[in-house]
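Down below is the structure, laid out as structure tokens.
What's counted below: heavy atoms across the whole structure, side chains too, no hydrogens, waters or symmetry copies. This is a predicted model, so every value here is computed, not measured. Labels below follow one simple rule: chain letters A, B, ... track the order of the sequence lines, proteins then strands, and each chain is numbered from 1.
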Amino acid sequence: MTEKIIIAGAGGQGIMLLGKILAEAAMRENRFVTWLPAYGAEVRGGTAYCMVIISDEEIGSASISIADSLIVMNAPSYARFKPRLKTRGLLVGNSSLVKHNLAVQSQVLWYPFTDIAMKLGNVKVANMAALGCFIARRPVVEVKNIARVIEEIAPAHKKDLIEINKRALAAGIALVGKKNKKSGEKNG
Amino acid sequence: MTEKIIIAGAGGQGIMLLGKILAEAAMRENRFVTWLPAYGAEVRGGTAYCMVIISDEEIGSASISIADSLIVMNAPSYARFKPRLKTRGLLVGNSSLVKHNLAVQSQVLWYPFTDIAMKLGNVKVANMAALGCFIARRPVVEVKNIARVIEEIAPAHKKDLIEINKRALAAGIALVGKKNKKSGEKNG
Amino acid sequence: MSKKILMTGNEAIAAGAIQAGCRFYAGYPITPQNELIAYMAKYMPQANGIFIQAESELAAINMVFGAAAAGARAMTSSSSPGMSLKQEGISYIAGAELPAVIVNMMRGGPGLGNIAPSQSDYFQATRCGHGDYHAIVLAPSTVHEAYYGMREAFDLADKYRNPVIVLGDGMLGQMMEPLEVAQAAAESSKYKKPWALSGCLGRAPNVVKSFYLHEGKLEEFNLLLQKKYKRIKEKEQRAEVILADDAEIVLVAYGSMARIAKAAVKTLRAQGIKAGLIRPISLWPFPETIFRKLSAGRKKRSLLVVEMSYGQMIEDVRLSVGDRFPVEFLGRGGGGVPSEKEIIAKVKHVTGKKLHR
Amino acid sequence: MSKKILMTGNEAIAAGAIQAGCRFYAGYPITPQNELIAYMAKYMPQANGIFIQAESELAAINMVFGAAAAGARAMTSSSSPGMSLKQEGISYIAGAELPAVIVNMMRGGPGLGNIAPSQSDYFQATRCGHGDYHAIVLAPSTVHEAYYGMREAFDLADKYRNPVIVLGDGMLGQMMEPLEVAQAAAESSKYKKPWALSGCLGRAPNVVKSFYLHEGKLEEFNLLLQKKYKRIKEKEQRAEVILADDAEIVLVAYGSMARIAKAAVKTLRAQGIKAGLIRPISLWPFPETIFRKLSAGRKKRSLLVVEMSYGQMIEDVRLSVGDRFPVEFLGRGGGGVPSEKEIIAKVKHVTGKKLHR
Amino acid sequence: MAKITIDRNRCKGCLLCIRFCPKGALLVDKDLNVRGLRPVKFKNDADCLGCMLCALMCPDCCIEVFK
Amino acid sequence: MAKITIDRNRCKGCLLCIRFCPKGALLVDKDLNVRGLRPVKFKNDADCLGCMLCALMCPDCCIEVFK
Amino acid sequence: MKKIYSHPQSLRTVSTHYCPGCGHGIAHRLIAEVIDDLDIRERVIAVAPVGCAVVAYDYWDFDCSEAAHGRALAVATAIKRVRPQNIVFTYQGDGDLAAIGANETIHAANRGENLTVIFINNAIYGMTGGQMAPTTLLQQKTATTPLGRDASLQGYPLKISEMLALLNGVKYVERVSIHTPQEVIKTKKAIKQAFQNQIDGIGFSLVEIISPCPTYWEMPPVQALDWIKDCMLKEFPLGRIK
Amino acid sequence: MKKIYSHPQSLRTVSTHYCPGCGHGIAHRLIAEVIDDLDIRERVIAVAPVGCAVVAYDYWDFDCSEAAHGRALAVATAIKRVRPQNIVFTYQGDGDLAAIGANETIHAANRGENLTVIFINNAIYGMTGGQMAPTTLLQQKTATTPLGRDASLQGYPLKISEMLALLNGVKYVERVSIHTPQEVIKTKKAIKQAFQNQIDGIGFSLVEIISPCPTYWEMPPVQALDWIKDCMLKEFPLGRIK
Ligand SMILES: Cc1ncc(C[n+]2csc(CCOP(=O)(O)OP(=O)(O)O)c2C)c(N)n1
Ligand SMILES: Cc1ncc(C[n+]2csc(CCOP(=O)(O)OP(=O)(O)O)c2C)c(N)n1
Ligand code: SF4
Ligand code: SF4
Ligand code: SF4
Ligand code: SF4
Ligand code: SF4
Ligand code: SF4
Ligand SMILES: [Mg+2]
Ligand SMILES: [Mg+2]
């Protein structure tokens, strides 16, 4: 099993962190994993993305041409990476910031992650909500490992953030956990 | 016919010029000719040398490992280049400044070129005296061509030097012209 | 069992260097190796080592010259344009026979190019700057190898008193992989440096230099260098060989490119095509012995060199195998990376096999 | 009939450049090419051209970048260590597709080495710096060729918008030979430069650059470069071939070394040994076609590559002939120059002929 | 009476214009622009001076001023 | 009473010592040294002060001074 | 109503890649305005640096050359010598001009090349991700001074403008800032002076612009302007230096 | 009679390759004397330049490193950082220190490295055959300024010592000369101070020595000393600069 995930959004949305948490969790499960960020001048102008591959075998390229899953947190990222999602791939999109159309040959999960995060009290945890949503649909790593990673990587002086991050994660999971497609899920 | 000549002495003795005049004269006779100077850090500490090859065929290396003739104007040059003169090669040496021994398997022409030049009124023309001496014994180019070169290359404001240079040349020729070996010529 | 951590290739190189006893780093920022210098800035002082952000790549490489002359395990890092600026300095290090490690995380060229991964400095690394010298060139392919390769790099440098270039690329530098860090400290002290500059207390003065004024002396020195290079060529060829014995097509790739080639080999084997891989780890000395041995195996086979360039390592492959096998090439430059798909297509084209899925 | 003058190779290059329409020179002193810069200092202003003694080789090559970008025929010169410092700049010139001429009068290396003649920067010249680029490399062998070769160098640079390296050595630079200077002026004006920077009056702005930010763009550009290189390879191979047809041993040498090899061929022929010579004039593109054609001739023959280095051009020779002929080598480095005597001895050794005198 | 126009799709929402407007004539739009972020917009009822301070400070040259 | 010694074979004949000797205690030797040039030598009857000015100026450190 | 402030002609109407609130945008615009004002767009040749402003040629609408990192003034020297009738300027960051390129800077200045230099001092390496620049303040944290710049290890913020002012070849040096609209106006005046000097054949003229890099100062754009006032100007006082 | 002046221990008794009357010889000797006087021969590490003094290590009797042309202060920085207990100095010509190496000079100075720098200003490139140096005087004829240095083309003699003195990291700068015995004595004092500063941990100390190159000034050694007094000191006034 190999899962290739592209995660993209704006600077400050915690894109890199989302990817790292996923990768760390996979590492704890002794899977092969690679994480590759966008870097350099690419990160000016406020876009950010990273690529995560989780696999049971040695991984070749850490760069992803065609992704199995795509998590997009803002509009420019959606526009940019939409073409790189494989047919019937999984799209997790932040409907708070993206006016999406449906012309995508994929499974799509659109949820207002930014709004959800704001409701939880911190706009910055939108990424965890999206991660929860993704992981609920594509259980490539165990949720408990993600939770552990969140606990472990929080800097000492920011331990208070652990709780809200975990709550956002749970909220994201819950979206899919509802197991209905009403709210945001569509097959395009 | 190919003649390989090393000319060596101290900075300021007109070593390079001696070689160039020889080379220019050969060029005027449409011979193949190369002139190669010592250069760079080698010229510090007051030594100077150049290598001239005159030939009827295309010339390979402009650098001379074993010379047909050697003109040395001071003691360190004599010590340095003595081993590079071929057996029975021609040595023209400035006895004014070199305490020479005779352990050289060569034809040797030792004359006090510096003293001769001083007598002519300019210590700097010792080189021309040596050139004259050399050319008289090894007529690789015609004397008249050497004289022409001396006339042509003198800078405009130093035309007065032509005469004394030519006189020194003549004096050098005369040394050998005497056709006796008394004064300085030996076979070692 | 030691804990695994997730690390970028750049950080792994820095961490591996410190672990290998490197105590002097000088560098100048350039993408895609900035995580390396940042790691050094943070952790070198903690290891009681010296970190200097130099004013330029030129200053950095010459600082490494000085630190190595003073006996420290010293290194610098850069990426392609910065590496070009270090050429004079590397030649001096080779000429003064100083041990030092230089990392190049290659990016797209020529000129300013871009910051995407590339392998187009292979020639520069293996054929270097002015003068008849060689740096030992190592090409790690994983974060693990990036980390542990540094110890080898410093050991080789000390053993042969020679510059060692670690040749990576932007992808290896930027990507994170799990890494199990070493527990035991490196035994850097086993290499004595009586030639190092430390003040002449109790001994005759030492001189570190590459200049030979007197006729013939530089040639003498070069003959010694050439002997050393011969020794290195005999002893230090390194390569990973995968399924090459019975292969009808042997891929040849190094560094990040080899990872993709390896994946392609797996896929091809699964499809019934006998593919193999030779992954040179030492690019200089090039592992020509392994290529020479290849003749012993089956007759009808071809080699396919895959590079993130328009064909550089292929020359070493051709020089190693001569006319014995056809040597094919697949390469992309300017930051383009041949994909597994492209490799497979090329293999099928070369072997004449149809795509059967 | 025009007058002959006695000139050093360095001066001939400078004079040839000015005669070829070069109107911008920037350089930094280094032995053994100082006569070149001195000549430029004196005569460039007389030709209404620009002479700048730059603060360093880096500044010099980047000034050449600027002058070429502004549309001038521009050049710089240096010797080995200084040439290493120019590597980044040359890569930029190639990446920006600017025409420029760079002269390297090679000296002994590595490091500071010495100032004796050498050919140990062949790799650097032909495989260059970072990125997949090529400079055209020309290697004159006489003062005459040094002079007239400059026109060719500038024409090639303009024609292909590419850097051209003129690769000489200390001996060629220092020695004087008779030279008949050209009477007619070069037609440099036949190369139009609409891309040059001159202010955007009456046209859209021009940009001179080697940077490609957007994904895929640098690769596209590189593919164009590669096409250009292919064209150059097809059209611009140059070599002098002497008595190779019936030769049982073909010497291969360039530059100053080829003069000595030529003398050896004469001597050998006189002694009844069928020797010949191939003298590559363009080192990149390497005249491989001539080597390929060699197969048509007699079967049993060997090649003997002679270099003032420990073996650099030999790789191109081997890549050109494959396993068809044995390729032998004679080389000396660090300022050592193989003598005619050494060549003859080696030939006799290779051909198994005894010395018969 | 004066007014300004803002090229909302090139606006990066840095807020420098708002910081220096003496009249509080600008505010953050709640609608996203094509970049996916919230640009500033001119309050149509604002008492704009045409002082150009906003334009002087805009790093993206999004503002034109009319008077 | 003072005197100096000169390492005549290392002397390059630059004459700086002569230029600065207040006592004219040095002169050019008419015999050549091993370099083939004329070094300076100390006038044995000179009224040397031991002032060391000659030694201070000698670029080749050929002079030692005794007093 | 009349348009009293509009987009300068010399600046293309495209989105830049700069971060929100980046000073490069303001500097670019001011240069474009000056070039429009002096009506020299068709004579100008710019030399762009390697730094965040590397693609300045995508934003300006006149001839432009790239230069290798730090070598802008070598490139500009040659362009100006070859084309003395053109107006040639360099645009360089603190890393470009004062670190790797300090030698080219000093020697072009000492030669007194008739050039205009716009020097963007943001006390950081923006393009490469926030490393120490020669102008980084003491105690300032950067990727390569994680504990803050320490004079005993990294030395002091380099005042290269003051050094250049010592040179005979240098005719005009002024340090300005863009942290308030008033200072922006002064900055434009200084830039204009530096170009006018070249037009008049007066010689080497340099304007150092203190400019915010909110991203690697790790603060919102508005706060970055305050940091200029509160911190940077203490080390880099504004005004005419020569 | 007692020997009151003898050959310093730190200087080997060999013939140098310098031309007759070259100032490098005097400077070498003074350094050796100072090192003897301070009794630091066994702690010293010298960094020799590329220039006529390239083989200074053949003349001094203590540890020594070569450095690529212009990079002596980069090399020295690293040696001193690695071995803070040693006394590290560079010896550099005007081409080495102020042309190709000016950047390394400025940044080592700005970092305030605890180093001693002996800077030989002979207004010429000696080693390569007499080309213009940054310090070449106006009108001075050299191989690359055959009509004399022209300010409008080659700029002005560069006073790098004065520039360096502006830097906080620099603790001591003095310009001295060796054209008379009195000045030679002062030169030795300055060199001693520069070494003492390093021993005392005070920091970057530089002594600029105006030094004759009779060969490429094309005059006899004695006249070269007069030329220093009559011409060079006009441009390069002696004394403590910082
Ligand atoms: C030779 C070379 N070295 C390093 C780099 C990497 N690099 C690009 S820009 C830059 C510094 C940018 O800082 P600055 O000049 O201050 O400009 P800013 O981005 O801050 O505007 C560096 C180190 C390079 N491109 N080339
Ligand atoms: C990279 C490089 N460029 C140029 C040279 C040639 N070179 C050697 S010494 C020198 C300058 C010497 O002048 P200076 O530093 O003033 O020392 P001096 O000989 O006058 O004492 C030059 C240009 C070199 N060796 N290396
Ligand atoms: S012109 Fe002045 S008042 Fe009007 S919006 Fe801009 S800053 Fe505010
Ligand atoms: S200053 Fe410009 S970019 Fe910033 S918020 Fe205002 S209009 Fe937008
Ligand atoms: S010590 Fe004084 S008096 Fe004696 S020789 Fe020397 S300079 Fe003359
Ligand atoms: S100063 Fe020294 S080298 Fe010069 S002449 Fe006197 S003793 Fe000889
Ligand atoms: S990193 Fe800094 S200098 Fe670069 S664009 Fe962003 S804010 Fe501007
Ligand atoms: S060339 Fe000048 S600096 Fe060099 S040794 Fe001779 S006199 Fe001294
Ligand atoms: Mg900056
Ligand atoms: Mg000098």
Heavy-atom cut-off 4.5 Å, strictly under: side chain, backbone, both or neither for [X] against chain H?
| X | result |
| --- | --- |
| G/L153 | both |
| G/A151 | backbone |
| G/Q154 | backbone |

Interface residue of largest heavy-atom contact number with chain H, from G/N114, G/N168, G/T105, G/L166, under 4.5 Å:
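Result: the option with the highest number of such pairs is G/N168.
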
Going by side chain to side chain donor-acceptor pair (under 3.5 Å), name the residues that satisfy it together with H/Y156, two or more places apart in sequence or in a different chain.
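So H/Y156 forms no side chain to side chain donor-acceptor pair (under 3.5 Å) with any residue.
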
Could you list the residues that satisfy side chain to side chain donor-acceptor pair (under 3.5 Å) with H/S177, not counting sequence neighbours?
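With neighbours one apart ignored, the set is H/H179.
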
Where along residues 77-99 of chain H does a heavy atom come under 4.5 Å of chain G, listed by residue number?
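Answer by number: H/R81, H/A98, H/A99.
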
Anything in residues 190-209 of chain H with a heavy-atom distance to chain G below 4.5 Å? Please list those residues in order.
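None at all.
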
Might you point out which heavy atoms bring H/N103 and G/A102 nearest each other, and give the distance in Å?
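The pair with the smallest heavy-atom distance is OD1-CB, 3.0 Å.
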
From [X] atom [atom1] to [Y] atom [atom2], the distance as rounded to the nearest 0.5 Å:
| X | Y | atom1 | atom2 | value |
| --- | --- | --- | --- | --- |
| H/H107 | G/I100 | NE2 | CD1 | 10.0 Å |
| G/E162 | H/L167 | CD | CG | 10.5 Å |
| G/K159 | H/N110 | NZ | CG | 9.5 Å |
| H/E113 | G/S152 | CD | OG | 10.0 Å |

Are more than 12 heavy atoms, taken from residues, nucleotides or ligands other than H/K242, located less than 6.0 Å from that residue's NZ atom?
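Atom NZ in H/K242 is crowded, with more than 12 foreign heavy atoms closer than 6.0 Å.
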
Given side chains that start at C-beta, do those of H/I106 and G/L158 come closer than 4.5 Å, heavy atoms only?
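When only atoms from C-beta onward are counted, G/L158 and H/I106 do touch, with a gap below 4.5 Å.
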
